[in-house]
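The first residue in the sequence is number 1, and the count goes up from there.
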Amino acid sequence: MPESGGSRAQRARIPTSGTGPGTDADLFTGAEDAPAVPHGDAGALAVDPAAPQATAPAGLPGAPGSSALSAPAAKAARRTGLLVTLVLGGLTALPPLSMDMYLPALPAVTDSLSAPAATIQLTLTACLAGMALGQLVVGPMSDRWGRRTPLLLGMVVYVLATALCALAPTAGLLIGFRLLQGLAGAAGIVIARAVVRDLYDGVEMARFFSTLMLISGVAPIIAPLIGGQVMRFTDWRGIFVVLTAVGIVLTLVVWKWLHETLPPAARHTGGVTDALRTMRGLLADRVFTGYMVAGGLAFAVLFAYISASPFVVQEIYGASPQTFSLLFGLNSIGLIAVGQINGKLLVGRFRLDKVLGFGLAVIVLAAVALLLMTTGVFGEVGLVPVAAGLFVLMSAMGLAMPNTNAQALMRTKHAAGSASALLGTSSFLIGAVASPLVGIAGEDTAVPMAVVQVVCAVAAVGCFLLLCRPWQRAGREAGGL
């Protein structure tokens, strides 16, 4: 049977506070027939069994040759694990900050640059498109040159592009700089996932993705609040000044503390042709493609909610902006809380496919309930039942999103950067296609939102069952294959 679950430390039989082969690993169904390529780990750190386990940077206690970890070494390992979590969390939170801090400033930008609102909306579209396309470029680069160099290059370009946004004299230039900002910011998204794949395996990787969801889930909640507060003291250009400062700090942190996680022996040496061949090979993997598309469709359900909820809650059900903000925050908290339950309680006790299947089923049921409510099957319904349906739907995302990423990346040891790029790009593109459909019938009905959510949720379940075929791997595990 292919290797599954547990951290690299467990597979190397390095003591890890009581965990080891035969514990969490036995409960996880691994990557079926995934190519195995040595990663040349620099070592393994022992941490709390409930926390993700990371590869030790060179020179730290716990590197190869350490038969056991002393108390000071274990303490240093925990600090390092926390630092890696914060750095990767910062990288995944930067894109939502770049998108959402800017939202309160849109009317001010329209007035300042004397441009139509539709033109200023393109600054959001350009940034989103840059983030989607940039991952396709940066992912293969990181497989060829390692993680640090493309990441640092991307962060430097991000800082420069963000500073140029603050100085943009026209709407056209602002759109161009936002596109460049998105392209460069994509480095943080794609390489953070690739680093997680370098450092963790199986159960521990799924747990770490749940931890990242906690950080990246908070960012969209607080970003508009931060942007609004910045606008109290300066104009819209000040938001980009703040983002520039955040980018500089994060670049310095990455340069000083995030060590290279992909050794030269595990890198690809080919050029563009090799990168395209690698991506074609990944897409030819039926199971990887199944998880990728299922995750993208689940992300589309989330995009449909984000796009339609301001109109549904405020225009159709008459809620105030404050009530909408409260409901949006509660739904985000539900997603984060369930994501933590997934990482702390479910992963390691149940097979990831079971948890993922349950999450997708709940999403389908919640979407169907919303469709029935919005079409009047239950008669006239108020805001409370609709808000409850949206809360359940959003919370179930905490089971679907981290586990689709973990299961897909479990199959891609040979090309984590390219795989991460495909995962991110597909999610953005599928979400971008689904998002405008929620307003196809105007702002006076919530039916299009519910229809898009039902279609995407059912399609996600279909991809999971038809392409991933989780029962086959469960049977192989039970049979010892």
Side-chain angles (χ1 to χ4, degrees), residues 93-134 154-186 219-248 303-304 306-316 320-322 324-325 328 428-429 431-444:
L94 189 59
L97 285 176
S98 302
M99 290 289 295
D100 297 340
M101 273 184 65
Y102 177 64
L103 294 179
L106 286 177
V109 177
T110 301
D111 295 337
S112 174
L113 299 181
S114 301
T119 300
I120 299 304
Q121 287 284 352
L122 290 177
T123 62
L124 296 175
T125 304
C127 188
L128 183 62
M131 290 179 186
L133 299 176
M155 291 303 300
V156 169
V157 174
Y158 172 88
V159 168
L160 294 175
T162 306
L164 289 173
C165 288
L167 302 173
T170 65
L173 285 175
L174 181 59
I175 292 171
F177 294 148
R178 285 284 278 175
L179 176 63
L180 182 60
Q181 184 191 40
L183 288 168
I221 301 175
I222 65 172
L225 300 177
I226 296 174
Q229 293 303 310
V230 172
M231 291 287 289
R232 292 180 59 186
F233 301 100
T234 181
D235 61 5
W236 63 271
R237 299 180 188 274
I239 293 177
F240 290 109
V241 172
V242 173
L243 287 172
T244 301
V246 172
I248 291 172
F303 259 57
I306 293 173
S307 299
S309 59
F311 301 101
V312 171
V313 174
Q314 296 180 81
E315 300 296 330
I316 299 176
S320 66
Q322 291 75 24
F324 166 73
S325 299
F328 190 90
F428 275 102
L429 291 181
V433 169
S435 182
L437 298 178
V438 301
I440 197 170
E443 302 175 4
D444 299 326

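- Remark: Val230 engages Ile226, Thr234, Ile239, Val242 in a side chain to side chain contact (heavy atoms under 4.5 Å, CB included) (not counting sequence neighbours).
- Ala171 is linked by a side chain to side chain contact (heavy atoms under 4.5 Å, CB included) to Leu113, Ala115, Thr119, Ile120, counting only residues two or more places apart in sequence or in another chain.
- Side-chain atoms of Met101 and Met231, non-hydrogen and from C-beta on, never get closer than 4.5 Å to each other.
- For Ala186, the side chain to side chain contact (heavy atoms under 4.5 Å, CB included) test picks out Gln135, with sequence neighbours left out.
- In this structure, CZ in Phe240 is found 11.0 Å from CG in Leu164, a value given to the nearest 0.5 Å.
- Every side-chain hydrogen bond (donor to acceptor under 3.5 Å, both in side chains) that Ser112 has, sequence neighbours left out, goes to Trp236.
- Between Thr123 and Val109, every side-chain heavy-atom pair lies at or beyond the 4.5 Å cut-off.
- Considering only residues two or more places apart in sequence or on other chains, Phe177 meets the ring-ring contact (aromatic ring centres under 6.0 Å, His included) condition with none of them.
- Atom CG of Leu183 is separated from atom CG of Leu179 by 4.5 Å, given to the nearest 0.5 angstrom.
- Sorted by first and then second residue, the pairs that involve residues 154-174 and meet side-chain hydrogen bond (donor to acceptor under 3.5 Å, both in side chains), not counting sequence neighbours, are Ser98-Tyr158, Thr162-Gln181.
- Judged by distance alone, with hydrogens and angles left aside, the side-chain atoms of Arg178 form no donor-acceptor pair with the main-chain N or O of Gly130 at under 3.5 Å.
- In plain terms, the two heavy atoms of Ala184 and Gly154 that are nearest each other are CB-O, 3.3 Å.
- If you take CG on Leu122 and CD1 on Ile175, they are separated by 4.5 Å, rounding to the nearest 0.5 Å.
- The minimum heavy-atom distance between Met99 and Leu128, with the atom names listed, is SD-N, 4.1 Å.
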